[in-house]
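Side chains are part of it too, since the values below use all heavy atoms of this structure and drop only hydrogens, waters and symmetry mates.
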Amino acid sequence: MTITLKVPSIACGACANTITKAIEGQKPEAKVSIDVESKIVTVETEASEEMIKEIITAVGHTVE
């Protein structure tokens with residue numbers, strides 16, 4: 001399943017890296033792709049959208 005989320009708090013590559021590491025840390029099978037300019041996080045995973053949102057907010061980012 002592919003989950004696409006708008007994360008307006010992404011400001012730079014380091015933010016993207018933090019989110020990627022957090023998701024992969026909890027869901028190692030996930031494929032994470034982040035477009036910093038458009039602030040879009042795309043995750044290919046079996047995890048629920050709710051779980052991915054929780055992981056992103058746990059590292060201090062906001063999800064729309």
Side-chain angles (χ1 to χ4, degrees):
M1 175 170 79
T2 301
I3 299 167
T4 304
L5 301 168
K6 175 89 169 160
V7 184
S9 57
I10 294 174
C12 61
C15 297
N17 210 15
T18 300
I19 292 170
T20 301
K21 283 186 175 161
I23 294 170
E24 289 175 348
Q26 293 198 31
K27 294 287 165 193
E29 86 293 345
K31 288 188 178 74
V32 183
S33 166
I34 301 178
D35 184 327
V36 175
E37 282 194 15
S38 64
K39 303 180 187 302
I40 298 292
V41 177
T42 306
V43 185
E44 259 186 66
T45 182
E46 295 304 312
S48 69
E49 184 172 320
E50 258 330 289
M51 177 177 272
I52 299 301
K53 285 181 180 179
E54 284 174 20
I55 294 169
I56 294 171
T57 54
V59 292
H61 288 277
T62 53
V63 180
E64 283 185 357

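Other residues, nucleotides and ligands place no more than 12 heavy atoms under 6.0 Å from the NZ atom of K21.
In terms of the side chain to side chain contact (heavy atoms under 4.5 Å, CB included) criterion, residue partners of A47 (sequence neighbours excluded) are, by chain and number, K27, T45, M51, I52. The side chain to side chain contact (heavy atoms under 4.5 Å, CB included) test applied to S33 returns T42, not counting sequence neighbours.
To the nearest 0.5 Å, atom CD1 of residue I34 and atom CD1 of residue I23 are 6.0 Å apart. Summarising the geometry, atom CD1 belonging to I40 is positioned 8.5 Å from atom CD belonging to E64; distances are rounded to the nearest 0.5 Å.
A side-chain donor-acceptor contact under 3.5 Å links S9 to the backbone of T62.
When all heavy atoms are compared, the tightest approach of V41 to V43 is CG1-CG2, 3.8 Å. Closest approach of C15 to A11, counting heavy atoms only: SG-N, 3.4 Å. Minimum heavy-atom separation, K6 to S38: NZ-O, 3.1 Å. Of all the heavy atoms in A16 and V36, the pair that sits closest is CB-CG2, 3.9 Å.
Sorted by first then second residue, the salt bridge (Lys or Arg N to Asp or Glu O under 4.0 Å) pairs that include residues 28-52, not counting sequence neighbours, are E49-K53.
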